[in-house]
There are 2 protein chains.
Amino acid sequence: MSKIENKILTDLVYEKLKIMIDDGVLTPGQKINKLELSKILGVSQTPINDALSRLAGEKFLEQRSRQGYFVRAFSDEELVALFEMRGALEGMAIRLCCENASSDHIEELSRCFEGFSFPLNEKTYMDYVHADKTFHEKIIRYSGNSILWELSRTSGYMIKSNMKGLTRPPEETYPEHVAMIQALKERNGDKAQQLMIQHHLRSRNVFRAKLTKKELNTV
Amino acid sequence: MSKIENKILTDLVYEKLKIMIDDGVLTPGQKINKLELSKILGVSQTPINDALSRLAGEKFLEQRSRQGYFVRAFSDEELVALFEMRGALEGMAIRLCCENASSDHIEELSRCFEGFSFPLNEKTYMDYVHADKTFHEKIIRYSGNSILWELSRTSGYMIKSNMKGLTRPPEETYPEHVAMIQALKERNGDKAQQLMIQHHLRSRNVFRAKLTKKELNTV
DNA sequence: CTAATGTTTTTTGTATACAATATCTATTGA
DNA sequence: TCAATAGATATTGTATACAAAAAACATTAG
């Protein structure tokens, strides 16, 4: 019994565009040419319009009056803001994990960072990047909060804040992750939340510091 | 020099629909008839489509394949989740206020709850509801986080979580607000954030308790 | 050579037509 | 009486046409 495919063209265009943004085929600030798109994808402008509007609503795109749609570009200040937003949401998520997640799920979370020994080599570094991503995703998943989960999958903010690689070296974030897992096992929501918030705010600080350094260089 | 009106029809339809949802002209779960709408608003289906897609992206509406658009209805579980989300975001917002807000803004925040004496009468109760709304809105506003501000204005989640009246009596929430203001004045971000989170989680708990009671009644 | 102007081309925003699908209504049969 | 079916109606999803605005280009004047 295969899944019934009853999707409308709008949805297909929507998903295609999301992938193109994620893969960097469409870059921040880039203009979307509707006519060109409709030719490439072989559909009329109507489903293109619908998909673009939806993506604008989700903040993947930005609509400028009479100029069309552009891939949303985030300013430095906004990127900083995204760290804070993520800290807020994942902080609450990990607290809720302490309340709601099953022991199996917490076990699963703790296994994310098993078997790492420092310093990392090229391969294990990639593994760490992956583990990091998985861990933070699962925290939201297992929080039991369906809204957070939906947001993390459909909000341009969340996807964007997930796209950047590591802002801090694994040596620095590893113990923080371990501490969070410890708090999870203790079902200490308060502590877990605080750790997660600090985790993201530290990354924010490092990111911001890099920015000001960069500015000085370019002047 | 008046503001240049260069708005496109889509935007006008979008704003109109948002007001209709906010005012309860369109109720949760209700189906949106595109043809009817286009007749009422005197525009073609194209701008209607665009506005509906955008609103779906912002979670004000929900699109069901081949059935059209419906005003998004939130389940009890989702409403609970909204309390948690709000706690997360406003918790971070008030922390950022401690970091960033000017003394003037903090003064302004503290004035929100000045002059209330309990028990409230019918008039002062309404004043309190208003003060509550204003306070929480300004916390996000003065956090200096433009993403949180944008979210609070354009996300169906945030608007929805703001629409419900008070879940707890003013007598109960007043001292919590006072405590938050105190933390703001002390620029104690950690404390302020914790107070805000607890504030919303308490509301969540009361809301959830009311739900289970209601269920028992209806059985 | 650059700035300003006018012209052409492109692209958007909007309206409209229509087939496919879903919904509603009436009819039939158990 | 109710369920199931068939037919009629309404609504969606899609394609297409076109005016108006923006962008690109060419031309002229300083």
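Note on naming: letters A, B, ... go to the chains in the order of the sequence lines (proteins, then strands), and numbering restarts at 1 for each one. Just so it is clear, the values below take in all heavy atoms, side chains as well, and ignore hydrogens, waters and symmetry mates.
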In whole Å, what is the span from the [atom1] atom of [X] to the [atom2] atom of [N]?
X: B:F70; N: D:dT12; atom1: CZ; atom2: C1'; value: 11 Å
X: A:K39; N: D:dT16; atom1: NZ; atom2: P; value: 13 Å
X: B:K34; N: C:dA15; atom1: NZ; atom2: P; value: 15 Å
X: A:K31; N: D:dA23; atom1: NZ; atom2: P; value: 7 Å
X: A:L37; N: C:dG13; atom1: CG; atom2: P; value: 14 Å
X: B:D50; N: C:dT12; atom1: CG; atom2: C1'; value: 11 Å
X: B:R64; N: C:dA22; atom1: CZ; atom2: C1'; value: 13 Å
X: A:L35; N: D:dA15; atom1: CG; atom2: C1'; value: 13 Å

Which nucleotide in the set [options] lies at the smallest distance from any side-chain heavy atom of [X]?
X: B:Q67; options: C:dT23, D:dT14, D:dT11; value: C:dT23
X: A:V43; options: C:dT12, D:dG13, D:dA15; value: D:dA15
X: A:S44; options: D:dA15, C:dT14, D:dG13; value: D:dA15
X: A:L9; options: D:dT14, C:dT14, D:dT12; value: D:dT14
X: A:N33; options: C:dT16, D:dT14, C:dT11; value: C:dT11
X: B:Q63; options: C:dT14, D:dG13, C:dT11; value: D:dG13

D:dG13 phosphate, OP1 or OP2, under 4.0 Å from A:T10 side-chain N/O: no
Please state whether the phosphate of D:dT16, meaning OP1 or OP2, lies under 4.0 angstrom from any side-chain nitrogen or oxygen of A:T46. no
Mapping B:G68 and A:Q45 onto DNA chain D by nearest heavy atom, which one lands closer to the 5' end? B:G68
I'd like to check A:H200 versus A:M85 (side-chain heavy atoms, cut-off strictly below 4.5 Å). Are they in contact? no
Would you classify B:I32 as touching base, sugar-phosphate or nothing, given that sugar-phosphate means primed atoms plus P, OP1 and OP2, and contacts are heavy atoms under 4.0 Å? sugar-phosphate
